[in-house]
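Both backbone and side-chain heavy atoms feed into the values below; hydrogens, waters and symmetry mates do not. In this text the structure is predicted, and so the values were computed from the model without any measurement. Proteins come first, then strands; the chains are lettered A, B, ... in the order of their sequence lines, and each starts at number 1.
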Amino acid sequence: MSKRYWLFKSDPDEFSIEDLKNSKDKTACWDGVRNYQARNFIRDEIKKGEGVLFYHSNTDPLAITGYCKVVRENYPDDTQFDPKNKHFDSKSKPDSPTWVMVDIRLVKKFKNPIHLTSIKKNPKLKGLKLVKKGNRLSVMPVTKAEWDEILKLGNG
DNA sequence: GCCAACGTTGGC
DNA sequence: GCCAACGTTGGC
């Protein structure tokens, strides 16, 4: 299977691209996903070496702020077993974890963050799931054409 | 297995 | 703060 591309949403109050940049090796685990569709992407489809766009939600400006690559795929999300963690899941068992995560490493913070308003105005990006009505997934696939366009805009 | 009620997401 | 859209829960 050929390389695929993804977009991850994050509330910068929780975890921003700056936080990722300041992490050791600019690498962090993407924990806390508690949606089955998003989980299935992480568990079954997101492979090491693939590209991830980093999107800031619930903030101003709403924007894609950079891109990353997957450096470790599909392993258990520890926060599900920690009763003190807000993502604790009492139904999940250590021998068959419900929730998994990947590690991503920051490749580049965009010189020009791509604002949601300009994404909506760009005909090349009108198919992006991010701007489709009713899409609330925090992890979603992006096509190669969309990926190329966003990298071009971000670095331009 | 249905579906109403409720909770969450996330743009505005 | 509002609310549309969607996911999850739980009674039946």
Side-chain angles (χ1 to χ4, degrees), chain A residues 4-23 28-46 50-70 73-104 106-143 145-147 149-154 156:
Chain A
R4 299 184 66 184
Y5 301 92
W6 307 93
L7 182 146
F8 289 3
K9 285 186 201 169
S10 186
D11 182 338
D13 290 341
E14 303 273 336
F15 190 79
S16 71
I17 197 160
E18 281 298 315
D19 294 329
L20 180 59
K21 191 178 172 184
N22 294 331
S23 301
C29 58
W30 202 259
D31 62 15
V33 171
R34 294 293 180 271
N35 169 285
Y36 286 102
Q37 256 183 290
R39 188 281 311 269
N40 291 347
F41 283 134
I42 290 173
R43 186 189 59 189
D44 305 330
E45 302 195 40
I46 300 180
E50 292 183 338
V52 175
L53 298 169
F54 197 106
Y55 175 76
H56 279 176
S57 65
N58 284 315
T59 187
D60 188 22
L62 296 160
I64 298 172
T65 51
Y67 71 101
C68 317
K69 78 174 176 183
V70 178
E73 62 189 55
N74 186 29
Y75 68 108
D77 177 347
D78 294 331
T79 62
Q80 69 198 303
F81 305 123
D82 177 2
K84 293 191 292 295
N85 192 285
K86 70 181 260 196
H87 300 296
F88 176 62
D89 181 353
S90 60
K91 297 196 290 292
S92 184
K93 300 283 179 292
D95 57 353
S96 64
T98 308
W99 308 107
V100 295
M101 60 188 180
V102 295
D103 286 356
I104 59 172
L106 182 66
V107 176
K108 187 158 193 176
K109 199 181 151 191
F110 287 143
K111 195 162 44 165
N112 307 315
I114 300 142
H115 294 195
L116 184 61
T117 50
S118 53
I119 292 171
K120 286 181 171 170
K121 279 187 250 165
N122 188 329
K124 287 183 186 159
L125 300 177
K126 70 173 191 291
L128 204 63
K129 286 192 170 47
L130 185 67
V131 295
K132 292 278 187 177
K133 191 175 176 179
N135 194 307
R136 299 187 322 182
L137 276 181
S138 60
V139 171
M140 67 184 78
V142 171
T143 67
E146 290 160 353
W147 171 269
E149 174 69 9
I150 288 163
L151 259 58
K152 195 180 80 184
L153 293 171

> Which is true for Lys132(A) with a 4.0 Å heavy-atom rule: it touches a base, it touches only sugar-phosphate, or it touches nothing?
Replying inline: nothing

>> Reading DNA chain C in the 5' to 3' direction, which nucleotide is the first one with an atom under 4.0 Å from a heavy atom of chain A, and which is the last?
In response: dA5(C) to dT9(C)

> Is there a donor in the side chain of Glu149(A) and an acceptor in the side chain of Asn122(A), or the other way round, less than 3.5 Å apart?
Replying inline: yes

> In terms of the angle between their ring planes, are Phe8(A) and Trp30(A) parallel, tilted or perpendicular, with boundaries placed at 30° and 60°?
Replying inline: tilted

>> Using only atom types and a distance under 3.5 Å, with no angle test, would you say the side chain of Ser10(A) pairs donor to acceptor with the backbone of Pro12(A)?
In response: no

> Side chain of Ser92(A), backbone of Thr98(A): donor and acceptor closer than 3.5 Å?
Replying inline: yes

> Of all residues at least two apart in sequence or in a different chain, which pass the side-chain contact (heavy atoms from CB on, under 4.5 Å) check with Arg34(A)?
Replying inline: Asp77(A), Thr79(A), Gln80(A), His87(A), Trp99(A)

